[in-house]
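In what follows, a structure is listed as structure tokens, so that the remarks can point back to it.
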Amino acid sequence: MTEINETYKEKISFNKRLIFLYVTFGILGVVFYYQIFNLQISNYSEYEIAAINNKNEEISVQPLRGIIFDRNGEILVNNVPTFDLITKPFFIDDPDDFLMKLSSFLEINEEDKKAFLSQFEKAKTLNKELTLKQSISDEDKAKFLVRSHMFENAYVGKRYLRNYLYPEIFSHSIGYVGRPNEEELDEIYELKSLNTKINFTYTNQLIVGKTGLEFVYEDILSGEFGNNLREVDARGKTLDEKISSESKVGNNLYTSLDLKSHQAAHKALNNRKGAVVAIDIKDGSIVTLFSSPTFPTNQLANGILQKDFDELLLSEEKPFFNRALKGRYPPASAIKPAIAMYGIEEGLIDWNFSIFDEGFFTLPEDGRIYRDWKEGGHGNTNLFKAITQSSNTYFFDLAYRSDIYQLNKHLLSLGFGDKACIDCFEEDKVFVPEPSWKMNKHNFGWFKGDTVNMGVGQGYLVSTPVQLAKYAYIMANKGKFSDLSLKKDLVKSEKSIEFNKFSNDDWFKLHESMINVIEGNTGTARRLREKKNYIVAAKTGTAELVSGDNREQYSETRLDDNLRDHALIIAFGPMPNPRYAVSVVVENGESGGSVAGPVAISVLNSLIQE
């Protein structure tokens, strides 16, 4: 009986356990099927979209920039392929260990290591690639490829460099590209609707024009970004990548710049501080825009060591300073033809008006002496002789009799005190002085002596080389001109200066007097006569930096090279139908005829004899 009871109890216990299991599995089954229903039916769309987003990502594709040409179709700037060692910081746990392993068979300089480590955390957080070593050699490429199975977090990728074929000739006119700053970066992402991730085409990743034509014509050169659809796994590893829309290469830029004339300017200046600007008179296009000294655009665009950059930045020669567009120089005697035009237009002189030049002019108001450059003076001097031999005394006298407000207006009409070029980078328009300017600037009234100084291009009057070139162009073309430009075939309207008394005969005589500066036996630039086989009209100038009361003081200032006078010349030719106008400034060069003159003739030779 006892055994029957035990058996019965065991059966009851077993049945309870069985029922418990059935209930448990039943509940689990209900929960399981509910989740299946929830995933597959109830929230199907939501999870499907999430799965797709986790699997695919939109990638922006950087375009190549357009090529830049000179006026004859010579390539000045292009893009050259290179191979870089590119890393994936997201998959690198220990960057120092990573560098140590790579350095065991590749030479990686300290600058590259520092740059990599400084950017590593940000790139890792954003899951962005990071270039470790640019433009690796074929030997290093081979060394890495045979070990690439050990470095799934790095690869050798094809990239491009912005390549300046003449880096030390067009550094100021064409400029260079570089990485955008934060403000520029925000603007690029917004205007071009870029994705967070970008397939970079250039070694330096995103690049924008920083100076020169690269900056001015950024919209033309930069191109349009494309888009790729990238498939990745859960770890972010790329499984597949397809093109959604092709990137579009930037438009090419055809400039009016002339390669040979820049080479001539570079050679003639020979690294002296100064500038050369030459203009094609037929359309006002700038064919030469050269500033010296220059700087290495390829290094700046594609990677320069900090110490090298600091050396350029702190150099006393100021290579980044564009003297052609920003250099402020007294026009000196180069202004005298403009003063002569004013005198004739206002009826103050004609070509027969003469004075006796005894080597100085005395200001009637206070007896102050203004000395001529030639001791003893030029004797009986008419306007033709005054321009040819550059008589200061003649123009002191004319300026003294001039109305400062009318003279100011006249100089403005010739391009002084305003921007000369419509597409030049950061041109300085400077100013033409007059009484209200002096009061605002110096809190001092205008003296008649200030006007006298302006008559010979000294005192408060300053100009830039590009303004001097435009002034020469206006005179060469007898008062007709267009705004200056650097882009080829730019449509511009022609302008002209209206004169009441200055006639065609006056233009002829003005040109003849300037021709005599070189071709005449007493001209200030007669030594240039044998350096060309065509006729050139010119006017030289020597811009004083420090004036002295007597010749002894003046001689003392010349002991300091940095206080020596600047040498200037404006010229146009070949006469009688000039095609090119040019201005040259050589800082501390002293003599316009013997120092700046040969530079101008070298540039004209390269243009006229093409």
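We use all heavy atoms of the structure for the numbers below, so side chains are in, but hydrogens, waters and symmetry mates are not.
- With S315 contributing its side chain and L312 its backbone, the two residues share no donor-acceptor pair below 3.5 Å.
- Ring geometry, F309 versus F320: the interplanar angle falls from 30° to 60°, so the pair is classed tilted.
- Ring orientation note: the planes of Y329 and H566 are nearly perpendicular, at an angle over 60° on the 30°/60° scale.
- For the pair K192 and F225, the cation-pi criterion (under 6.0 Å, within 45° of the ring axis) is not fulfilled.
- No hydrogens or angles considered: a donor-acceptor pair under 3.5 Å links the side chains of D423 and Y217.
- Ion pair D84/K133 not flagged as a salt bridge, since none of the NZ, NE, NH1 or NH2 atoms sits closer than 4.0 Å to an Asp/Glu carboxylate oxygen.
- Taking the six-membered ring wherever Trp is involved, the centroid distance between the rings of H172 and F321 does not fall below 6.0 Å.
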What's the verdict on side chain to side chain donor-acceptor pair (under 3.5 Å) for Q62 and Y160, showing C-alpha distance, side-chain angles and the deciding distance? CA-CA 11 Å; Q62 184 185 22; Y160 284 83; over 6 Å; no
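- The pair K114-E111 fails the salt-bridge criterion, with no side-chain N (NZ, NE, NH1 or NH2) lying under 4.0 Å from an Asp/Glu carboxylate O.
- Ion pair K307/E311 not flagged as a salt bridge, since none of the NZ, NE, NH1 or NH2 atoms sits closer than 4.0 Å to an Asp/Glu carboxylate oxygen.
- Not a single donor-acceptor pair under 3.5 Å links the side chain of E224 to the backbone N or O of P63.
- The two residues A543 and L568 make their nearest non-hydrogen contact at CB-CD1, 3.6 Å.
- Here the closest heavy-atom approach between residue I601 and residue K532 is recorded as CG2-CB, 4.1 Å.
- A distance of 6.0 Å or more separates the ring centres of F170 and Y164.
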Kindly indicate, with the supporting measurements, whether the criterion salt bridge (charged side-chain N to carboxylate O under 4.0 Å, His left out) is fulfilled by K210 and E184. CA-CA 10 Å; K210 288 293 186 180; E184 291 168 332; 2.8 Å; yes
Y202 and N302: CA distance, side-chain angles, deciding distance, side chain to side chain donor-acceptor pair (under 3.5 Å) verdict: CA-CA 9 Å; Y202 285 96; N302 302 309; over 6 Å; no
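- Between Y176 and F295, the angle of the ring planes goes over 60°, which puts this pair in the perpendicular group of the 30/60° scheme.
- Other residues, nucleotides and ligands contribute at most 12 non-hydrogen atoms within 6.0 Å of the CZ atom of F215.
- Less than 6.0 angstrom separates the ring centroid of F416 from the ring centroid of Y471.
- Heavy atoms of other residues, nucleotides or ligands lying less than 6.0 angstrom from NZ of K492 number more than 12.
- With respect to I198, the side chain to side chain contact (heavy atoms under 4.5 Å, CB included) criterion is satisfied by exactly one of N228, V61, L206: L206.
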Using the side chain to side chain donor-acceptor pair (under 3.5 Å) rule, take Q134 and N204 through it: C-alpha gap first, then chi angles, then the decisive distance, then the call. CA-CA 9 Å; Q134 298 179 359; N204 258 5; 3.2 Å; yes
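- Between D483 and K419 there is no salt bridge, since no side-chain N of the basic residue sits under 4.0 Å from a carboxylate O of the acidic one.
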